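Predicted model, so just to flag it, every value in this text is computed and none were measured.
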Amino acid sequence: VPDNVDVCLDNAKIRMTDLSPFVSVPLIPNPSIGTEAIWNAKTATDVVLISTLDPYMLIGPTPFSSLEYSGTFYVSKSTGHGYAGVVFNYQSNKRFMVAMWKKENETIQTFGRALAGMQVKLVKSTSGPSNLAMYSALWKTGDTNGQVKTLWTDPKFQSREVQHPYKWKIIYSNETSCMRLTTYDGLNMRLLVDSGCICGLTPFGGRVGLFTFNQGSVVWTNIEAKCYADKQMQCSPKTSLQ
């Protein structure tokens with residue numbers, strides 16, 4: 001692969017973005033027929049989620065240490081008001097990070113309140129999807145001991161529009177234990193979301209993928225994951241978790 005298209009010059013095992021062969025990962029106990037995620041991988045970097053009622057991830061095969069992960073996504077139909085997003089630092093169905101965008105505020109009595117807008121969550125679950133504890137923790141906005149820590153939420157609680165593209169970029173530095181999420185309007189490139197540097201993360205790295213929770217008809221396109229070479233992230237404001 002020529003250097004100008006090589007996404008990881010210092011790693012001969014990683015040459016281009018390719019989510020295939022991918023694996024569909026359910027985040028519920030005993031997933032049932034009729035509610036499972038139905039994916040359509042049109043190319044190695046373009047994926048359509050046709051339908052799902054439950055939380056699922058689509059995970060690619062390639063692990064990264066420090067990375068830059070970007071692409072465009074949109075919801076093509078007005079049905080559904082759940083979460084759509086992306087996964088990074090995936091190590092198992094108990095341990096990963098996710099950037100997830102909720103369309104609107106919603107309260108489910110048994111699970112809690114989920115707020116509109118983009119959120120970044122660190123999942124370090126003691127149970128995994130063996131029961132509904134992780135399901136509930138992923139749904140609600142906030143922390144759940146032994147399951148999920150919400151690292152950042154959009155202070156503007158911005159909703160997302162149907163058939164409207166959004167461009168995301170995640171930078172994660174294993175060397176500095178920091179990450180940053182930015183999201184732009186895909187039509188006019190107006191900055192909508194900037195988490196600033198979120199630091200104090202436990203270094204781990206892992207695979208990348210896609211995320212959905214009660215939201216079908218999602219399209220992800222122009223997906224790119226590449227090694228991040230800059231060891232000193234320069235950004236502000238800076239939030240420390242320690």
Side-chain angles (χ1 to χ4, degrees), residues 7 14-64 67-103 114 118-121 123 125 128-130 132 134-135 138-139 148 160-170 181 183 186 206-226:
V7 299
I14 306 175
R15 297 187 175 185
M16 62 182 64
T17 302
D18 190 347
L19 291 183
S20 62
F22 62 79
V23 58
S24 184
V25 180
L27 297 175
I28 54 169
N30 304 315
S32 58
I33 297 175
T35 64
E36 74 276 17
I38 301 175
W39 307 92
N40 180 9
K42 293 188 173 183
T43 70
T45 60
D46 297 274
V47 178
V48 177
L49 171 68
I50 298 173
S51 66
T52 183
L53 295 176
D54 292 319
Y56 270 81
M57 299 183 290
L58 181 145
I59 302 298
T62 306
F64 291 83
L67 86 156
E68 181 178 316
Y69 184 34
S70 61
T72 299
F73 85 95
Y74 65 92
V75 177
S76 62
K77 296 181 180 179
S78 58
T79 54
H81 44 263
Y83 291 100
V86 294
V87 179
F88 58 108
N89 288 349
Y90 175 90
Q91 294 192 339
S92 72
N93 61 2
K94 296 182 179 181
R95 184 174 172 86
F96 56 90
M97 297 180 71
V98 57
M100 48 200 291
W101 197 341
K102 183 80 169 65
K103 180 181 179 182
M118 187 73 83
Q119 306 170 33
V120 179
K121 294 184 177 183
V123 178
S125 173
S130 62
L132 290 178
M134 191 174 80
Y135 180 107
L138 278 168
W139 173 262
V148 172
R160 50 176 169 77
E161 300 177 27
V162 177
Q163 296 184 344
H164 195 104
Y166 299 96
K167 292 182 177 291
W168 88 85
K169 182 167 74 172
I170 293 170
L181 165 69
T183 306
R207 295 147 69 188
V208 299
L210 312 174
F211 177 86
T212 179
F213 194 154
N214 193 29
Q215 181 61 68
S217 302
V218 187
V219 178
W220 293 265
T221 186
N222 296 322
I223 301 168
E224 183 177 39
K226 58 185 180 181

Whether over 12 other heavy atoms sit under 6.0 Å from Tyr135 OH: yes
Flag if over 12 foreign heavy atoms under 6.0 Å of CG, Asn40: yes
Heavy-atom closest pair, residues [X] and [Y]:
X	Y	value
Val75	Gly216	CG1-O, 3.9 Å
Lys77	Ser217	CD-OG, 3.4 Å
Ala99	Ile170	CB-CD1, 4.0 Å
Arg207	Gly60	NE-O, 2.8 Å

Separation of [Y] [atom2] from [X] [atom1] (nearest 0.5 Å):
X	Y	atom1	atom2	answer
Phe22	Leu210	CZ	CG	9.5 Å
Met97	Leu181	CE	CG	10.0 Å
Ile223	Thr221	CD1	OG1	7.0 Å
Phe64	Lys226	CZ	NZ	11.0 Å
Arg160	Met118	CZ	CE	9.5 Å

Check: Lys121 side chain, Leu138 main-chain N or O, donor-acceptor pair, under 3.5 Å: yes
Backbone N/O of Tyr56 and side chain of Thr212: donor-acceptor pair under 3.5 Å: no
Close side-chain approach of Gln215 to Leu49, heavy-atom, < 4.5 Å: no
Residue pairs involving residues 79-102 (criterion salt bridge (charged side-chain N to carboxylate O under 4.0 Å, His left out); sequence neighbours excluded): Lys102-Glu106
Tyr69: which of Trp220, Phe88, Trp168 passes ring-ring contact (aromatic ring centres under 6.0 Å, His included): Trp168
Working for side-chain contact (heavy atoms from CB on, under 4.5 Å), residues Val87 and Val25: CA-CA 11 Å; Val87 179; Val25 180; over 6 Å; no
By ring-ring contact (aromatic ring centres under 6.0 Å, His included) - contacts of Trp139 (at least two apart): Tyr83, Phe213
side-chain hydrogen bond (donor to acceptor under 3.5 Å, both in side chains) against [X], all qualifying residues, sequence neighbours excluded:
X	value
Asp54	Thr35
Ser24	Trp39
Ser130	none
Lys167	Thr72

Parallel, tilted or perpendicular: rings of Tyr166 and Phe73 (30°, 60°): tilted
Leu67 and Asn89: CA distance, side-chain angles, deciding distance, side-chain contact (heavy atoms from CB on, under 4.5 Å) verdict: CA-CA 9 Å; Leu67 86 156; Asn89 288 349; 4.3 Å; yes
